[in-house]
Amino acid sequence: TAKRSSQDYIFGKLIGDGCYSTVFLAKDIHIGKEYAIKVCEKHHIIRKKKREYIKREKDALNMLSSVPHGFVKLFCTFQDEERLYFVLSYAKNGELLKHINNVGSFELNVAKFYAAELLLALEKMHAKGIIHRDLKPENILLDENMHLQIADFGTAKIMDPEEIRCAPSSGENDTQNERSRKISFVGTPQYVSPELLHDCVDTRASDLWAFGCIIYQMISGLPPFRAATEFLTFQKILKMDYEFPEGFPADAKDLVEKLLVLDHSKRIGADDKGTTYDSIRNHPFFLGIDWDHVWDQTPPTIC
Ligand SMILES: NC(=O)Nc1ccc2c(c1)=C(Cc1cc(-c3cccc(C(=O)NCCN4CCCCC4)c3)c[nH]1)C(=O)N=2
């Protein structure tokens, strides 16, 4: 297809909003297909020195384009005088957060299914050396068949190939300048890992921390660390100040407790070699999951 421009699309409702981008539902006038088009104002990106974030999102999405399931796809990009445009998959059933809030919390079988799809997506992402760094139910979308797609790689970190499966950089040898550079990014307070707050270290295991928070939230309806302000939320994270509501299933509690570990190197999965998190797949919480057929399954009804 010829290089697209905004003239090739009919722009519809706003379906996402961030600090540096706005996402619209749009229809390609030639083929009638619906897309989510992420629009970034160039002057805003330049003024806020976020060009690197834009490039990283494009690189991460291109690296994931060969993965058939679990991620929004980047179809094309174009620009005009004022804006950059990313033509992305439209995940018709929107944010996982809205589905959790819609029913209050998920039944165990629903939470287990989506935790399994999320784990498979994390495996593929991490195997390519991509750390998302801002995983949360707002960035996890459900497509028209209710399968999961991770979105928003603007905060991603792409590891150098030799870094991919080795021990994460501890950050202790970083120069002050490198540490302050790392401080420049911190994810969403409720899901940010303690190492990112305490040592400015980001590793694959930071996404495993967010994975634990998301499992907790699917089952209980709320994230584990929550407070009136960002600072109080950060304090709760660093003090591991959270508890499980009455009736939280034992296997789920055990897995969350093994993910929400302050020392990132001691989190379940952190030591797993290869491209699958076998120690997490084999945890009793996932008993009954057929890991080779999760994406072929009809997702359980959210009710
Ligand atoms: N920061 C980003 O990169 N954000 C992105 C990127 C890509 C992308 C993206 C965000 C999308 C967001 C999105 C938002 C929506 C949406 C927005 C508003 C309403 C609905 C909606 O009501 N859908 C029907 C299902 N509802 C869902 C909630 C419970 C009741 C039933 C969906 C659908 N998809 C998307 O489809 N593709």
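Atoms within each ligand, like the ligands themselves, are counted from 1 in listed order. Heads up: numbering here begins at 1 and tracks the sequence.
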Dump the intermediate steps for side-chain hydrogen bond (donor to acceptor under 3.5 Å, both in side chains) on D143 and Y90, then the final yes or no. CA-CA 7 Å; D143 70 13; Y90 173 52; over 6 Å; no
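Assignment of S89 to the shell around ligand 1 is supported, since a heavy atom sits closer than 4.0 Å. For G16, the closest heavy-atom approach to ligand 1 does not fall below 4.0 Å.
Ligand 1 has no nitrogen or oxygen under 3.5 angstrom from a nitrogen or oxygen of A151. Residue K98 has no N or O atom closer than 3.5 Å to an N or O atom of ligand 1. When only interatomic distances are considered, the shortest N/O to N/O separation between K92 and ligand 1 falls below 3.5 Å. At under 3.5 Å, not a single nitrogen or oxygen of S21, backbone or side chain, sits near a nitrogen or oxygen of ligand 1.
Atom 22 (O) of ligand 1 is not flagged as protein-proximal [any protein heavy atom, distance under 4.0 Å].
Both the backbone and the side chain of N93 come within contact range of ligand 1, each with a heavy atom under 4.0 Å. Contacts between L141 and ligand 1, counted as non-hydrogen atom pairs separated by less than 4.0 Å, involve the side chain only.
The shortest contact between atom 31 (C) of ligand 1 and any protein heavy atom is with H99 CE1, 4.4 Å. Nearest protein heavy-atom neighbour of atom 7 (C) of ligand 1: L88 CD1, 3.8 Å.
For ligand 1, the atoms lying closer than 4.0 Å to a non-hydrogen atom of A36 are 8 (C), 35 (C), 37 (N).
Nearest to atom 20 (C) of ligand 1 by heavy atom, out of K13, E95, K38, E57, is K13.
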